[in-house]
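Here the structure is laid out as structure tokens; the discussion comes afterwards.
Chain letters run A, B, ... following the sequence lines, proteins first and then strands; every chain starts at 1.
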Amino acid sequence: MLDPKLLRTAPEQVAHQLARRGIPLDTAALQNLEAQRKQHQQATESLQAERNHQAKLIGQAKSQGQDIQPLLQATNTLGQKLNAAKQALAAVQKDWDDLAATLPNLPDQAVPEGKSEADNRELSRWGHPRHFDFKVRDHVEIGEKLGGLDFAAATRLTGARFVVMHGQIARLHRALTQFMLDTHLENHGYCEVQVPYLIHRDSLHGTGQLPKFAADLFRLDTDPGYYLIPTAEVPVTNLVRGRICEDLPHKYVCHSPCFRSEAGSHGRDTRGMIRQHQFDKVELVQCVHPDQSDQALEELTAHAEAILQLLELPYRKMDLCTADLGFAAARTYDLEVWLPAQKTYREISSCSNFRDFQARRMQARFRDTRGKPQLLHTLNGSALAVGRTLVAVLENHQQADGSVTVPPILRPRLGGLDRLTAPD
RNA sequence: GGAGGGGUGGCUGAGUGGUCGAAAGCACCGGUCUUGAAAACCGGCGUACCGCAAGGUACCCAGGGUUCGAAUCCCUGCCCCUCCGCCA
């Protein structure tokens, strides 16, 4: 949520910054709503003051044994007027809240202008795409050859956009997960957390998935109607919801499955593991002092990059443009890994600074030096999406005979195995 | 699933329907004392909104209701605790 004070006092400035994202803001409607709110609020409060005053008089009169009948008559119509005023105020307030809840965060000044993802700015590259002197296979082909990726089985069990992993590949997937977790907690100073995978709507509202993006979520048809988490960001970031933190920064690393219905994207990446309804991810979340968040984004992104480097996967770092920025983000770096079968870089991590946008929705605060509660800043990033990392390892480290070289850093976690091969 | 008991300020914890935004303690901040610190003592100490200010309004889990007046009474929901049952 944007700062309502800013929305009230500088609507033109907000409109200008939202326009960079291609979001129109009707400042006249906003100011009209604000004027109404103020009027109804003042009317309501003065009626409340009157009611309190009368009630106090009656109380005093009664305690002195006086006749309160005439005083009661003075309050005759007060209740009705007050109720009407309250309802008018609530209606305006709701309109305001509904509008405010759908406005995305303001982009950082440094975010490049753009109309589509094509305008994202490349900041750096690491590693070199390998030269293959044989016909490159994609991960589906590699996985099926190795007997480790079975999309048909998943279809039988559930449907499209799921996968069953077997044997060495299942183990590789687990090794990747644990390698990421251990690297972040041993080298990068994160604390590991395990969280619920079912959450209620307040949590989703806190991080910004609701009310706008309900269509992307899986919801349980139970009472209460829980949602499956679309990312560990939601439960982990909401750990600070409604709290005043005394010990910033908080740095959490969390492995979880992620569930996305991806309603709008049918027809994209239908083949393979790139876009699934369920995938595993290792997520980094930081809650920091507002002065620290810019630097924290650089650090957090570097932590995700470290995983790619250790796995010897070529990647590039992108600065998302205003058009591609997520709803709650002020600044986002995407890491894109090289996929030789697609001859392109594909997103494998997204690292964002949300500033106080999520914190305001969550009322997540810390005490400043004067002891006053202030909104903290939140950040998160994938480090990494495990499914896509598996894809990248299989494709980048494939060999002519269909086997796959295991990156050296993972070998101890695979019982010393240095190469994935088809079972006899 | 059954039966009870609870949800009050950063924490602990009082609160007969009528100056209760709420006692007390802890923690915290300022001061006195001290070479310094501790102790003791004195004072301060919730959040948000409206207002130039004086001041006003709201908030005692959430949402409704009763009442001139609700932290206090009633209803619903959520959460926590104890006991029983079931269960990985």
Side-chain angles (χ1 to χ4, degrees), chain A residues 1-11 30-101 194-206 210-211 219-220 222-227 235 238-248 250 287 289 356 359-376:
Chain A
M1 206 164 77
L2 296 175
D3 184 355
K5 229 176 245 172
L6 188 67
L7 220 41
R8 278 198 287 264
T9 57
L30 194 70
Q31 281 169 310
N32 178 38
L33 218 48
E34 167 61 8
Q36 282 186 49
R37 185 197 63 80
K38 203 167 207 169
Q39 183 204 324
H40 288 305
Q41 181 169 338
Q42 286 175 344
T44 302
E45 290 187 358
S46 75
L47 284 169
Q48 284 171 326
E50 173 68 10
R51 177 203 61 193
N52 292 347
H53 179 66
Q54 291 296 338
K56 198 162 277 185
L57 288 182
I58 292 173
Q60 286 170 355
K62 208 174 176 184
S63 70
Q64 291 165 18
Q66 297 171 357
D67 180 17
I68 61 170
Q69 225 28 57
L71 287 169
L72 282 178
Q73 291 200 345
T75 66
N76 239 345
T77 58
L78 204 56
Q80 266 186 334
K81 283 196 226 167
L82 180 56
N83 267 338
K86 271 183 174 171
Q87 278 177 20
L89 176 61
V92 173
Q93 191 70 56
K94 185 178 185 306
D95 286 347
W96 171 278
D97 290 345
D98 288 350
L99 177 63
Q194 267 291 330
V195 293
Y197 304 148
L198 300 180
I199 55 215
H200 58 48
R201 55 174 43 250
D202 288 350
S203 293
L204 287 153
H205 192 271
L210 288 180
R219 185 156 58 94
L220 266 62
T222 53
D223 185 24
Y226 297 121
Y227 293 81
N238 273 283
L239 288 172
V240 295
R241 185 156 51 93
R243 305 194 49 145
I244 297 176
C245 302
E246 308 283 357
D247 51 349
L248 297 181
H250 291 187
C287 302
H289 188 283
D356 61 11
R360 184 170 297 105
R361 289 170 159 243
M362 294 189 296
Q363 283 302 298
R365 297 175 293 175
F366 70 99
R367 287 190 189 281
D368 65 17
T369 47
R370 294 169 307 157
K372 295 296 173 193
Q374 304 279 347
L375 295 173
L376 49 77

task = Report yes if a side-chain nitrogen or oxygen of A:Lys5 is closer than 4.0 Å to either non-bridging phosphate oxygen (OP1 or OP2) of B:rC49; otherwise report no.
result = yes
request  = Decide, yes or no, whether a salt bridge links A:Lys372 with A:Asp368 under the criterion of side-chain N to carboxylate O below 4.0 Å.
outcome  = no
request  = Take atom P in B:rA27 and the same atom in B:rA22, then report the distance between them in whole Å.
outcome  = 23 Å
inquiry  = On RNA chain B, compare the nucleotides closest to A:Gln41 and A:His53; which residue's is nearer the 5' end?
reply    = A:Gln41
message = Counting C-beta onward and ignoring hydrogens, is there a side-chain heavy-atom pair between A:Leu376 and A:His250 closer than 4.5 Å?
response = no
inquiry  = When the C1' atoms of B:rG18 and B:rA70 are compared, how many Å lie between them, rounded to an integer?
reply    = 10 Å
ask   = What distance, rounded to whole Å, do you find between the two C1' atoms, one in B:rC74 and one in B:rC84?
value = 30 Å
note = Of A:Gln54 and A:Pro373, the one whose closest nucleotide on RNA chain B sits nearer the 5' end is A:Pro373
inquiry  = Could you tell me how far B:rG13 sits from B:rG2 if I compare only their P atoms? Round to whole Å.
reply    = 30 Å
query = Can you find a pair of side-chain heavy atoms, one from A:Asp247 and one from A:Phe366, that are under 4.5 Å apart?
reply = no
message = Looking at A:Arg361 and A:His205, would you say the former's side chain and the latter's main chain have a donor-acceptor pair under 3.5 Å?
response = yes
Distance between C1' atoms of B:rC50 and B:rU66 (Å, rounded) = 30 Å
remark   = Note: contacts of residues 359-368 of chain A with RNA chain B (heavy atom, under 4.0 Å) are A:Arg367
inquiry  = Quick check: do A:His53 and A:Leu57 have side-chain heavy atoms less than 4.5 Å from each other?
reply    = yes
task = Examine B:rG69: is either OP1 or OP2 under 4.0 Å from a nitrogen or oxygen in the side chain of A:Lys62? Give yes or no.
result = no
key: Straight-line distance of A:Thr44 OG1 to A:Gln39 CD, nearest 0.5 Å   = 9.5 Å
note = Atom CG of A:Leu47 and atom C1' of B:rA58 are separated, to the nearest Å, by 15 Å
task = State whether the side chain of A:Asn238 and the backbone N or O of A:Ser203 hold a donor-acceptor pair below 3.5 Å, judged by distance alone.
result = yes
remark   = Whole-Å distance, A:Leu78 CG to B:rU57 P, equals 13 Å
query = How far, in whole Å, is B:rA23 from B:rG15 if one measures between their P atoms?
reply = 14 Å
query = For B:rA58, does OP1 or OP2 lie under 4.0 Å from any side-chain N or O of A:Asn52?
reply = yes
task = Could you give the distance separating B:rC11 and B:rC60 at their P atoms, to the nearest angstrom?
result = 16 Å
P spacing across the pair B:rA71 / B:rC61, given as an integer number of angstrom = 10 Å
request  = Establish, with yes or no, whether the OP1 or OP2 oxygen of B:rC49 is under 4.0 angstrom from a side-chain nitrogen or oxygen of A:Lys38.
outcome  = no
